[in-house]
Amino acid sequence: MAERPYTLLSCGMSIDGYLDGAQGDRLLLSNDADLDRVDAVRASSDAILVGAGTVRKDNPRLLVRDPARRDARVARGLEPSPRKVTVTRCAELDSCANFFTVGDSEKLVYCASAVVADARDRLGAVATVVDGGQPVKMRRVSEDLHARGVRRLMVEGGGIVHTQFLTAALADELHLVVAPFFVGDSRASRFVGDGRFPWNPDRRARLAEVRRIGDVVLLRYALSDRFQMD
Ligand SMILES: NC(=O)c1ccc[n+]([C@@H]2O[C@H](COP(=O)([O-])OP(=O)(O)OC[C@H]3O[C@@H](n4cnc5c(N)ncnc54)[C@H](OP(=O)(O)O)[C@@H]3O)[C@@H](O)[C@H]2O)c1
């Protein structure tokens, strides 16, 4: 089997397991101190992956925010921020989205074989469009990223993407931040959907760390024997 990057899943959720509200503006689950922690994780990564749903709904920039962390990356011969990666079946992504227009790092779009030509027409000027197969499998994406030099991959959601990395046993570490409120609306996206997860009542995941960060809590799970405590 080909190699894949060390993969860290990062996610903030409400007490009742939602990643966002059902409608309106992006829901703030984190706090300033936790956003700074996430920024440090980003700075230590070679690439950040989000699903196309997150690109469309949140329009994230996916940059390292802290100037000192950006400078430290540049001093190591890297771009100030990691490469950005997304996956899509339909390739209906706006080339003007922040994902594509903000920051100088490479942008990679893994799309289903059937839409590669469309995706190249639409996004070829702003991103590297990669044929991800039909269907796109996260293992293939991970292995291709490794072949492109990505050794540390941060996956920032959303739930459809997290579900696939977890059920395919492609995650080495999970950072789950729990915000102190409920969403209470099943139209909102959950942290994960249905699936057969390698960690279940018969095989419990290892809780490696619990950290209180202001009014949120970070739960850090070791999901493979490659887990590295820093
Ligand atoms: N709290 C947090 O930490 C956090 C982080 C990120 C996102 N979010 C929230 O999560 C929500 C979005 O999550 P989501 O679960 O709806 O969407 P998502 O996981 O961000 O993206 C799903 C989309 O990604 C593409 N995709 C996923 N797997 C694929 C595969 N195997 N092959 C090809 N394409 C694939 C498809 O795009 P196409 O439809 O283009 O084909 C699919 O519709 C938003 O509300 C956002 O605010 C929260």
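Small disclaimer: the values here were computed from a predicted structure and weren't measured. Read the numbers this way: they start at 1 and go in the same order the structure lists the ligands and their atoms.
- With sequence neighbours excluded, the residues forming a side chain to side chain contact (heavy atoms under 4.5 Å, CB included) with Thr128 are Glu106, Leu108, Val130, Arg148, listed by chain and number.
- Put simply, the side chain of Val109 reaches to within 4.5 Å of the side chain of Thr88, judged on heavy atoms.
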Note down each nitrogen or oxygen pair, ligand 1 side and protein side, whose separation is under 3.5 Å; give only atom names and the distance to 0.1 Å.
| residue | atom | partner | partner atom | Å |
| --- | --- | --- | --- | --- |
| ligand 1 | 1 (N) | Gly12 | O | 2.7 |
| ligand 1 | 1 (N) | Leu19 | O | 3.1 |
| ligand 1 | 3 (O) | Gly12 | N | 2.9 |
| ligand 1 | 15 (O) | Gly159 | N | 3.0 |
| ligand 1 | 15 (O) | Ile160 | N | 2.8 |
| ligand 1 | 19 (O) | Gly158 | N | 3.2 |
| ligand 1 | 19 (O) | Ile160 | N | 3.3 |
| ligand 1 | 19 (O) | Val161 | N | 3.1 |
| ligand 1 | 20 (O) | Thr54 | N | 3.0 |
| ligand 1 | 20 (O) | Thr54 | OG1 | 2.5 |
| ligand 1 | 20 (O) | Gly158 | N | 2.9 |
| ligand 1 | 21 (O) | Gly53 | N | 3.1 |
| ligand 1 | 24 (O) | Ala52 | N | 3.2 |
| ligand 1 | 28 (N) | Gln164 | NE2 | 2.7 |
| ligand 1 | 31 (N) | Val136 | O | 2.9 |
| ligand 1 | 31 (N) | Gln164 | OE1 | 2.7 |
| ligand 1 | 34 (N) | Thr88 | N | 3.4 |
| ligand 1 | 34 (N) | Arg89 | N | 3.1 |
| ligand 1 | 39 (O) | Arg56 | NH2 | 2.8 |
| ligand 1 | 40 (O) | Arg56 | NH1 | 2.9 |
| ligand 1 | 40 (O) | Arg56 | NH2 | 3.2 |
| ligand 1 | 40 (O) | Thr88 | OG1 | 2.6 |
| ligand 1 | 41 (O) | Thr88 | OG1 | 3.4 |
| ligand 1 | 41 (O) | Arg89 | N | 2.7 |
| ligand 1 | 41 (O) | Cys90 | N | 3.0 |
| ligand 1 | 45 (O) | Asp20 | OD2 | 2.8 |
| ligand 1 | 45 (O) | Lys57 | NZ | 3.3 |
| ligand 1 | 47 (O) | Asp20 | OD2 | 2.9 |
| ligand 1 | 47 (O) | Asp58 | OD1 | 2.7 |
| ligand 1 | 47 (O) | Asp58 | OD2 | 2.8 |

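- For Ser14, the side chain to side chain contact (heavy atoms under 4.5 Å, CB included) partners two or more places apart in sequence, or in a different chain, are Asp16, Tyr18, Leu29, Phe181, Val183.
- The heavy-atom pair separating Pro201 from Arg204 by the smallest distance is O-CG, 4.2 Å.
- In this model, no donor atom of one side chain and acceptor atom of the other lie less than 3.5 Å apart for His162 and Gln164.
- When the side chain to side chain contact (heavy atoms under 4.5 Å, CB included) test is applied to Asp58, the partners found at least two apart in sequence or on another chain are Asp20, Arg26, Thr54, Pro60.
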